[in-house]
Amino acid sequence: MKTDIAQSFHRLEYRAPNYTLERVELDIALDPARTIVKSRLEVLPGPSHESGAPLVLQGHELEFVSLRINGEAHRQFELTPETLTIHALPNQGKQTFVVEIICVCVPEKNTSLMGLYVSNGNFFTQCEAEGFRKITYFLDRPDVMARYRVTLRAREAECPVLLSNGNLISTEKLPNGWHSAVWEDPFPKPSYLFALVAGKLECIEETITTGSGAKKLLQIWVEPHDLKKTRHAMDSLIASIHWDEKRYGLELDLERFMIVAVSDFNMGAMENKGLNIFNTKYVLAQPETATDADFANIESVVAHEYFHNWTGNRVTCRDWFQLSLKEGLTVFRDQEFSADQMGSESGRAVKRIEDVRLLRQLQFPEDAGPMAHPIRPDEYQEINNFYTVTVYEKGAEVVRMYQTLLGVEGFRKGMDLYFKRHDGQAVTCDDFLMAMADANDRDLSQFKHWYSQAGTPMVKVGEFYDSAKKQYQITLTQSPSKNTVQQKTEPFHIPLKIRLLNAGDNQAEVLLELTQDQQTWTFDGVESRPVLSINRNFSAPIHLDFAQSEADLLTLFSSDDDAFNRWEAGQKLAMQMILENRLPDAALIDAYRDLLTDSELDPAFKELALTLPAEAYLYEQCASVDPQKIYAARRAFRHAIAGQLRIEWAALYQQMQTPGPFNPDAASSGKRALKNLALSMLLEADPLIWAPMAVNQYQNADNMTDRYAALAGLVIHGSKSATACLEDFYTRFADDALVIDKWFALQSSRPPVPNAEPTLNEVHRLREHSAFKMNNPNRVRSVIHAFCMNNPASFHQVDGSGYTFWADSVLALDPINPQVAARLARGLDRWRHFAQPYQTQMLEALKRVAACGTLSADVKEVISKASAS
């Protein structure tokens, strides 16, 4: 298959800008059909200035009106659909000069949701990565940092609220019903962190006192009917601010900090300096409409965007190849924050398991596919395609390894030095590594390979016990990912925590640093053959090739003191049996029973331990994937657990009730998670007997967690009661967009049910539903992505109908919103990994999309890489 070759950008070709900016003044007159943007740029020679070089500004989908330099009209320029190139600069550009530009954009027609756009009558922006160029002509690159003063003007009746970055300087009433607000950001920032919001919004606000005694105003702005759903987001923001002060000594640096929620948003949220813009999904919550998972996600995302105030804003990226510098680091920080909020060590373990499970289900497949790339890519065609789980989640694991190697105190020393050296700068991943190395007097040169080499490394474990010498040896051999994109790779620096269990003298945990292709460690005084607990707490993001016996895995599953490895042993046992199409044996059932009835274990841990490996992760263990066989084997395994432990499940369902007012705290949400797993298992065992109990829970629940879990159980297990409950659910929550997203997603995610029509038929009907909107990313994700990306057993049908639907959807979405379409396009990038006839049918679908002559750069890159793999 052939596709047009798109332009590629290469990390090693980075060149500092010819020109940079000292100060930016914007005057923006907001109108949905014709927004007039006046910009005043103080331009000065950049680090790579060449005398006489033109000033090249980026601009996209703009109407050019005028250009002035140093107050005089300037006509020596070239205009293309992507650039404004200005020639004959004053004094050949060797001294500071002022550029003034007037241009026009049309927010109401901007369905890409990049730049300035309209949602429900309000104005919003999204400028990362390259959206600012859709607002005005600009040096739209992250290493050009300037101080901004912004004047917003609008009709007061339509836009009573006018917000931008930084501090509010003044407001003014203007003729003809207009008004204005002036905002100034005292800190230099790149254009991708610019934001404005205008419209009919209301806010909840709090004033807090920081560690230095300064008063700070916190505001969360939403549409008026959503104001009652903002308390949890505000509490999460306050907790984040205090945590960052305590953990890293980083204080909020502006007079106010604002969050704004919008329903039309491509991402989860955006960390614009002092004015974070969020998808409503990650702000709005109350017990009746949000699940425990929603509450936890809001806490995490609010923290993530706030933490960017320092790791991303005060210190930002030199270029987009360094994206993990801010994203990987900040994901690690939000993971640590959320773990601390759990309130106990067992809670921290639950959070760690959840993070690793996400990594394995999403990032490991990416590492093994055609879009594999290092956390610091060497090239890209469209930067929006590199906001990936590799950059974020694997990037966070790389940051975590610094802390594992250096210790919590050593990591803090490195962070302190990083900010001391680079506050107010645009820097690289190498700068972060050097701060860590210098602060701790450590040579981390080999650790750099984590930034430059793609794929998940494999570590083979060999062990030998000499009973006569009471000596135990472990040999570790590392090899690169089978799918690595490099011709030659160097050994990684891999920190591996291990402990020898049942070794007589209670061997302590040890940190091994694997830096060679192969290394051997010897342990003396080991009284009996130990059971090896390795990669404890998932100390490195690797694959382990370790032929551990089922007896040893059962020992780990029943008694390992490392909660992650205890969970991991159970997952390995289940995975091996499912892939061998075996049902759980008596020993494993007994281990499950002991775990469920252990009163000392956290309910949230029990729920995780009894949740089977996801189908996507099982796919990664196969040389050739047959989705229907894997689904059938996994479902049979689950059915056996449900049936053989039905007494325990029934008891747990009663024991895990949470009477009293709803509380999203870790203890209560853990009980609800285990209770609802028990309900699902009882429905799995016998849906006819247990459906009435699920209907009763659905009807009487006082919170969305329990109501939705009951509804999901009825739908997934094909209960006749599901139809009436789905109708009731829609009627109850028709006016709440986020809840209706759940309603759509549940039906699109339904796995195959015996004697029921294919899920795809229902998805087609949902596409035609009056509440479905192709231009709303949340709605698209709840129907199309939910089916194609999150419902493997229904999507991967032998007749290829799912792939036809996928191709139709990618082609329909691309002209509306290329970013959302490109994420969907990833759905078939592992086509070579599947058995026939799936493989051939996937390839045909890819060819069909590739043949479209009007594909966006976003989609074209994904399709070309997938089809070439």
* Taking salt bridge (charged side-chain N to carboxylate O under 4.0 Å, His left out) as the test, write out the residues that go with R646, two or more places apart. => none

* Over all heavy atoms of both residues, which pair between V859 and A822 is shortest? Give the atoms and the distance, please. => CG2-N, 3.7 Å

* What are the two closest heavy atoms between Y617 and P613, and how far apart are they? -> CD2-CB, 4.3 Å

* Close side-chain approach of R823 and D858, heavy atoms under 4.5 Å -> no

* Structure fact -> Applying ring-ring contact (aromatic ring centres under 6.0 Å, His included) to Y282 and not counting sequence neighbours gives none

* Asked: When rounded to the nearest 0.5 angstrom, what is the spacing between CG in L714 and SG in C725?
  -> 5.5 Å

* Please check if any side-chain donor atom of S749 sits under 3.5 Å from a side-chain acceptor atom of N791, or the reverse. => no

* Asked: Should Q286 and R231 count as side-chain neighbours, where that means a heavy-atom distance under 4.5 Å?
  -> no

* State which residues pass side-chain hydrogen bond (donor to acceptor under 3.5 Å, both in side chains) with N266; sequence neighbours excluded, sorted by chain then number. => N817

* Could you go through the side chain to side chain contact (heavy atoms under 4.5 Å, CB included) check for M342 and V350 one step at a time? => CA-CA 9 Å; M342 299 293 281; V350 166; 4.2 Å; yes

* Starting from the C-alpha separation in whole Å, work towards a yes-or-no answer on side chain to side chain contact (heavy atoms under 4.5 Å, CB included) for I630 and V625. => CA-CA 8 Å; I630 288 176; V625 177; 4.0 Å; yes

* From E354 CD over to T611 OG1, what is the distance, rounded to the nearest 0.5 angstrom? -> 10.0 Å

* Output yes when a side-chain donor or acceptor of D736 lies under 3.5 Å from a complementary backbone atom of V739, and no otherwise. => yes

* Asked: Under 3.5 Å, is there a donor-acceptor pair between the side chain of D728 and the main chain of A724?
  -> no

* Any side-chain heavy atom of K134 within less than 4.5 Å of one from L116? -> no

* Asked: Under 3.5 Å, side chain of R779 to main-chain N/O of A737, donor-acceptor pair present?
  -> yes

* Among pairs that include at least one residue of residues 666-693, which meet salt bridge (charged side-chain N to carboxylate O under 4.0 Å, His left out), considering only residues two or more places apart or in two chains? -> D292-R672, R635-E684, R638-E684, K675-D706

* Answer yes or no: is there a side-chain heavy-atom contact under 4.5 Å between N778 and T280? => yes

* Asked: Below 4.0 angstrom, N of the basic side chain to O of the carboxylate: do R360 and D355 qualify?
  -> no

* **Heavy-atom side-chain contact between F795 and W806 under 4.5 Å** => yes

* Asked: side chain to side chain contact (heavy atoms under 4.5 Å, CB included) between R707 and E288: does it pass, once the steps are laid out?
  -> CA-CA 9 Å; R707 192 185 304 279; E288 296 80 13; over 6 Å; no

* To do: State, to 0.1 Å, how close Q571 and L612 come at their nearest heavy-atom pair, and which atoms those are.
  => OE1-C, 4.0 Å

* Asked: Atom OG1 of T111 and atom CE of M774: how far apart are they, to the nearest 0.5 Å?
  -> 11.5 Å

* Separation of S719 OG from L683 CG (nearest 0.5 Å) -> 7.5 Å

* To do: Examine distances only and state if a side-chain atom of D814 and a backbone atom of S856 form a donor-acceptor pair shorter than 3.5 Å.
  => yes

* Asked: Under 30°, 30 to 60°, or over 60°: which ring-plane class applies to Y619 and F834, parallel, tilted or perpendicular?
  -> perpendicular

* Asked: Are F337 and H304 near enough that their ring centres are under 6.0 Å apart?
  -> no

* **Full working for side-chain hydrogen bond (donor to acceptor under 3.5 Å, both in side chains) between T291 and T705** => CA-CA 4 Å; T291 63; T705 303; 5.0 Å; no

* 4.5 Å side-chain heavy-atom contact, F123 and P32 -> yes

* To do: Before giving the answer on side-chain hydrogen bond (donor to acceptor under 3.5 Å, both in side chains), spell out for N676 and Q697 the whole-Å C-alpha distance, their side-chain angles and the decisive distance to 0.1 Å.
  => CA-CA 10 Å; N676 289 319; Q697 176 172 311; 2.8 Å; yes

* Asked: Can you name the residues that form a side chain to side chain contact (heavy atoms under 4.5 Å, CB included) with S338, not counting sequence neighbours?
  -> E299, S300, K351

* **Flag side-chain contact, heavy atom, 4.5 Å: V260 against L201** => yes

* To do: Applying salt bridge (charged side-chain N to carboxylate O under 4.0 Å, His left out), name anything that partners R155, two or more places apart in sequence or on another chain.
  => D31, E158

* **Inter- and intrachain pairs under ring pair (Phe, Tyr, Trp, His ring centres under 6.0 Å), touching residues 648-681, at least two apart** => F295-F662

* To do: Applying salt bridge (charged side-chain N to carboxylate O under 4.0 Å, His left out), name anything that partners D334, two or more places apart in sequence or on another chain.
  => none

* Structure fact -> dist L196:CG -> T125:OG1 (nearest 0.5 Å) comes out at 4.5 Å

* Asked: Can you tell me if CG on D735 sees more than 12 non-hydrogen neighbours from other groups inside 6.0 Å?
  -> no

* Structure fact -> Hits for salt bridge (charged side-chain N to carboxylate O under 4.0 Å, His left out) against R357, two or more places apart or cross-chain, chain-then-number order -> none

* **Sidechain N-carboxylate O distance under 4.0 Å for D294, K742** => yes

* Which pairs, with at least one residue in residues 673-703 and sequence neighbours excluded, count as a ring pair (Phe, Tyr, Trp, His ring centres under 6.0 Å)? -> none

* Asked: Run the side chain to side chain contact (heavy atoms under 4.5 Å, CB included) check on Y803 and W831 step by step: do they pass?
  -> CA-CA 11 Å; Y803 310 143; W831 63 276; over 6 Å; no

* Asked: Below 4.0 angstrom, N of the basic side chain to O of the carboxylate: do R830 and E366 qualify?
  -> no

* Is there a donor-acceptor pair closer than 3.5 Å between any side-chain N or O of E202 and the backbone N or O of I204? -> no

* **Test item: side-chain donor near acceptor, N696 and N700, under 3.5 Å** => yes

* With no hydrogens and no angle check, do the side chains of Y631 and H796 hold a donor and an acceptor under 3.5 Å apart? -> no

* Asked: Can you tell me how far the CD atom of Q841 sits from the CG atom of L846, to the nearest 0.5 Å?
  -> 12.5 Å

* Take Y387 and Q819, measure what side-chain hydrogen bond (donor to acceptor under 3.5 Å, both in side chains) needs, and give me the verdict at the end. => CA-CA 10 Å; Y387 283 76; Q819 280 194 45; over 6 Å; no

* Only counting residues at least two apart or in another chain, list the ones meeting side-chain hydrogen bond (donor to acceptor under 3.5 Å, both in side chains) with D626. => Y838

* **Of all pairs that satisfy ring pair (Phe, Tyr, Trp, His ring centres under 6.0 Å), the ones with a partner from residues 759-778, not counting sequence neighbours** => Y730-H769, W743-H769, F744-H769, H764-F805

* Considering only heavy atoms from C-beta outward, does the side chain of E393 approach that of L358 to under 4.5 Å? -> yes

